[in-house]
2 protein chains.
Amino acid sequence: MGRTPSSRPTLARVAERAGVSVSTASLAFSGSGPITPETRDKVLAAASELGYTGPNPLGRQLRRGRSGIVGVVIGDHPGRAFRDPVAVQVLDGLVDVLGTEGLGVLLIPGVDLGQDAVDPLLETAAMDVAVLVWGVLSEDPTLNALQRRNVPVVVGEGRAVEGAPLVALEDRAGAAEAVRHLVELGHTRIAEISLPFGRGERSGPADAERLACADRTPTAHRMAGIRDVVDPVITWETPASLVEHGRDAATEILGTWVPASERPTAIVAHSDLLAAGAVIAARELGLSIPEDVSIAGFDGLDLPWLSPDVLTSVHQPLREKGARLGRAVIDLLAGEEPTSIALPVGLVPGTTTGPVPRT
Amino acid sequence: MGRTPSSRPTLARVAERAGVSVSTASLAFSGSGPITPETRDKVLAAASELGYTGPNPLGRQLRRGRSGIVGVVIGDHPGRAFRDPVAVQVLDGLVDVLGTEGLGVLLIPGVDLGQDAVDPLLETAAMDVAVLVWGVLSEDPTLNALQRRNVPVVVGEGRAVEGAPLVALEDRAGAAEAVRHLVELGHTRIAEISLPFGRGERSGPADAERLACADRTPTAHRMAGIRDVVDPVITWETPASLVEHGRDAATEILGTWVPASERPTAIVAHSDLLAAGAVIAARELGLSIPEDVSIAGFDGLDLPWLSPDVLTSVHQPLREKGARLGRAVIDLLAGEEPTSIALPVGLVPGTTTGPVPRT
DNA sequence: CCGCGCGGTCAAATCGTTTCGATCCAGGTG
DNA sequence: CACCTGGATCGAAACGATTTGACCGCGCGG
């Protein structure tokens, strides 16, 4: 019980050895408060003789009442969540900003959709704030667990949560802009490849009833933005923002679904990964882009492997979003009342969209 | 000073309200030790009346002497490190296994190569063990910082470190196998696209002197494996395992570097991302794969966007590697002496390698 | 009838640090 | 020479929990 000689030296032992009080020794390390350089050196010398490696973070945290840890709830296992460059870039901005304040990021796997149990880390891990990067469902078990524990929450890209700052993107306006671009090029038969709807991941065309279930953000916002301009001739739902799902969807949409004469002349996808999959499917079907079909994405990712095509996409400031999330966390910890914001997005035309083919 | 009425209720207050001692109240929550169901309910009731949300992790951690946190040092900012699916998959396996023990993963950005300062988290954050996933340099400042703090370390994919278990892959054998495959197909003019060498990232052909500087793993191991079978006609060094770098390298190697008659007939890349870039470059140059040039990668990633090509690659059990790292961490915490291992790898032929073109 | 053992409860010691307020001392001022 | 000021140091009280060993009835076997 700590009586073993092998247990690490403590500040008290260092102080004793240096012939000063514990409080003074603490001062020598924390740097705050007045202390003679001479005394400090004495303490530091004693510390190094004893092999003391600096104040124990656990003691410090308890005393301070802060862990210096920010829990980041990722949508799923990292293996899936981080296959999406969008999540990665947001995380990057977040880590960067939090790093400037010495805050660390603790990775918390979100719920396995369909499971009711949440990760034990959510219930027990020490964290000063939690960030929900990937949106919030209605009746989100993750959010509930955090609120039960009174952990302050910052929400990225979801519906607003009582008392929690929200950092969003102007999804709806962006989606509308992308579709307007297609309409201006003359397209009328526009197909939509959508992100997951929420609970119950599936793939395939969505009917009106199913469309009404899309409660996850940003899916719902992007759907709304598209419909602000035009009604898609078909909406193909996917289980995740991955290239292979976009490819599967577009293979159906462009291939067997309808006779060639009624084939959609343009596809708008909810994400660049889905759009890239659509581009690949079109290539495989022998269609020229954008002569036969136009394809627009959403995210503004840099996808060198899609070469020579460059996606027409809606650029989002993703690292900036992560950074804003970080700022919100910091403000929250400083006791300030942080404000929600929506970051602007903008269409960046590439080579994958062009005038509607003359028939 | 905790004298404010707004401060959270503590176990002591709950105990007082329930009319029991603090120790009994603790028992009611921790579940260990004998306690009458009746008493437990009394405590739980008092807790919910007071809005007590369970034992404060900070207090618990201090008492236990454990934080339940595993620091994972990623090579760089997440934005760069996680663009590599290899790192992501390893992390995935790691998080999964640690999760079963209630251990959380704290993300720690590695050093900015060239900077001498390490991330403050490395110096101050609470962690029971640290994992270096992405290899260790000789004289690694990150490793030094951890050793100075007496934090136990588990190393993935690097050189062995005194007292730290190592979880590696049979890189050398795998690389040799890939090249042997090319040689058996008749290739003799084989070019190598390599991972970063270590400090000082650059891109371009590497001369003998430069080759000697490759001290980072797994680069060094893969280079050695390749040379166990054949000497590459050229080694092109890249600053990171990214598609665009592979593309740039292959554009040079296959294009302008030598007259077409002396052009390498095969390329072996140290990673699948680099190899994928090479495939794209070959396509852009109008070369057929594998008729004009064979390309082999390393990692065994699933790259749907490379369709219709499927990379010939050396499959690595990446999630398994992460899981083993996790096990090593758990063993270390249990006081057992964990052992180092090297996981087997195996060649998986795809469509990107074929017989040497007849000239 | 006595003592033993056992399940449930409690008191007290720790874990290692930070910080508030008090103390002490040297040096400058009236 | 006494007083005051301000900087350096110190003591002690938190911070919030876990855990050990003692304690205390009570039921049962001898």
Side-chain angles (χ1 to χ4, degrees), chain A residues 1-4 6-43 46-47 50-68 123-126 128 149-150, chain B residues 1-4 6-43 46-47 50-68 123-126 128 149-150:
Chain A
M1 283 277 25
R3 191 54 46 209
T4 75
S6 78
S7 90
R8 296 228 187 302
T10 81
L11 197 51
R13 290 233 268 269
V14 172
E16 187 187 18
R17 169 135 191 167
V20 301
S21 77
V22 195
S23 26
T24 304
S26 172
L27 256 27
F29 282 97
S30 72
S32 68
I35 189 172
T36 315
E38 190 176 295
T39 312
R40 197 219 326 275
D41 291 346
K42 206 163 50 181
V43 174
L50 259 46
Y52 180 77
T53 57
N56 182 323
L58 265 26
R60 180 208 299 264
Q61 288 173 11
L62 174 59
R63 178 62 236 236
R64 289 248 178 97
R66 290 250 168 111
S67 64
E123 311 275 20
T124 64
D128 300 336
R149 280 184 66 189
N150 284 321
Chain B
M1 282 277 22
R3 192 55 45 209
T4 75
S6 78
S7 88
R8 297 227 186 303
T10 81
L11 196 53
R13 289 232 268 268
V14 172
E16 186 187 18
R17 169 137 190 164
V20 301
S21 76
V22 198
S23 21
T24 303
S26 172
L27 255 26
F29 283 98
S30 72
S32 69
I35 190 173
T36 313
E38 191 177 295
T39 313
R40 197 218 325 276
D41 290 348
K42 206 165 52 182
V43 174
L50 258 46
Y52 179 77
T53 58
N56 182 322
L58 264 28
R60 180 208 297 266
Q61 287 173 13
L62 174 58
R63 178 61 234 240
R64 289 245 176 101
R66 288 251 168 110
S67 63
E123 310 274 20
T124 65
D128 299 335
R149 280 184 67 190
N150 283 322

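We name chains A, B, ... by the order of the sequence lines, and we start the count at 1 in each one.
- No donor-acceptor pair closer than 3.5 Å links the side chain of B/Arg60 to the backbone N or O of A/Thr124.
- Using a distance-only test at 3.5 Å, with no hydrogens or angles considered, a donor-acceptor pair links the side chain of A/Ser21 to the main chain of A/Thr24.
- At the heavy-atom level, B/Leu58 lies nowhere under 4.0 Å from the strands shown.
- Put simply, CD1 on A/Ile35 is 14 Å from P on C/dT19, counting in whole angstrom units.
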side-chain contact (heavy atoms from CB on, under 4.5 Å) between A/Leu58 and A/Gln61, intermediate numbers included: CA-CA 5 Å; A/Leu58 265 26; A/Gln61 288 173 11; 4.2 Å; yes
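- Mapping B/Pro37 and A/Arg64 onto DNA chain C by nearest heavy atom places B/Pro37 at the nucleotide closer to the 5' end.
- Closest heavy-atom contact between B/Thr10 and B/Tyr52: C-CE1, 3.7 Å.
- With rounding to whole Å, A/Arg66 atom CZ is found 24 Å from C/dG16 atom P.
- Backbone-only engagement by B/Pro55 is indicated by non-hydrogen atom pairs under 4.0 Å involving sugar-phosphate atoms exclusively.
- For B/Arg63, whose side chain is taken as the heavy atoms from C-beta onward, the closest listed nucleotide among C/dT19, D/dT18, C/dT9 is D/dT18.
- Backbone-only contact: A/Tyr52 has heavy atoms under 4.0 Å from sugar-phosphate atoms and none from a base.
- Atom-to-atom, CD of B/Glu38 to C1' of C/dG7 comes out at 14 Å; the value is rounded to the nearest Å.
- Here the C1' atom of nucleotide C/dG16 and the CD atom of A/Glu16 are 15 Å apart, to the nearest Å.
- The CZ atom of A/Arg13 sits 11 Å away from the P atom of C/dT17 (whole-angstrom rounding).
- B/Pro57 and A/Ala126 make their closest contact through CB-CB, 3.7 Å (heavy atoms, listed as atom of the first residue, atom of the second, distance).
- Side-chain N/O atoms of B/Ser21 include one lying less than 4.0 angstrom from OP1 or OP2 on C/dC10.
- At a threshold of 4.0 angstrom between heavy atoms, the contacts of B/Ser26 include nucleobase atoms, whether or not backbone atoms are also involved.
- Note on B/Ser23: every side-chain N or O is 4.0 Å or more away from OP1 and OP2 of C/dT9.
- Side-chain nitrogen and oxygen atoms of A/Arg60 include at least one within less than 4.0 Å of the OP1 or OP2 phosphate oxygen of C/dT18.
- In this structure, the CZ atom of A/Arg40 is 17 Å from the P atom of D/dG7, given to the nearest Å.
- At the phosphate of D/dT9, OP1 or OP2 sits under 4.0 Å from a side-chain N or O atom of A/Thr39.
- Taking all atoms of both residues into account, the shortest heavy-atom contact from B/Leu50 to B/Pro9 is O-CG, 3.6 Å.
- The nearest whole Å value for the distance from the CG atom in B/Leu27 to the P atom in C/dG7 is 14 Å.
- Comparing A/Pro34 and B/Ser30 by the nucleotide of DNA chain D whose heavy atom lies nearest to each, the residue mapping closer to the 5' end is A/Pro34.
- Atom CD of B/Gln61 and atom P of C/dG16 are 14 Å apart (whole Å).
- When distances are taken from the side chain of A/Leu11 to each of D/dT19, D/dG16, C/dT17, the shortest belongs to C/dT17.
- Applying the 4.0 Å criterion to OP1 and OP2 of D/dT9, one finds that A/Thr36 has a side-chain N or O inside that range.
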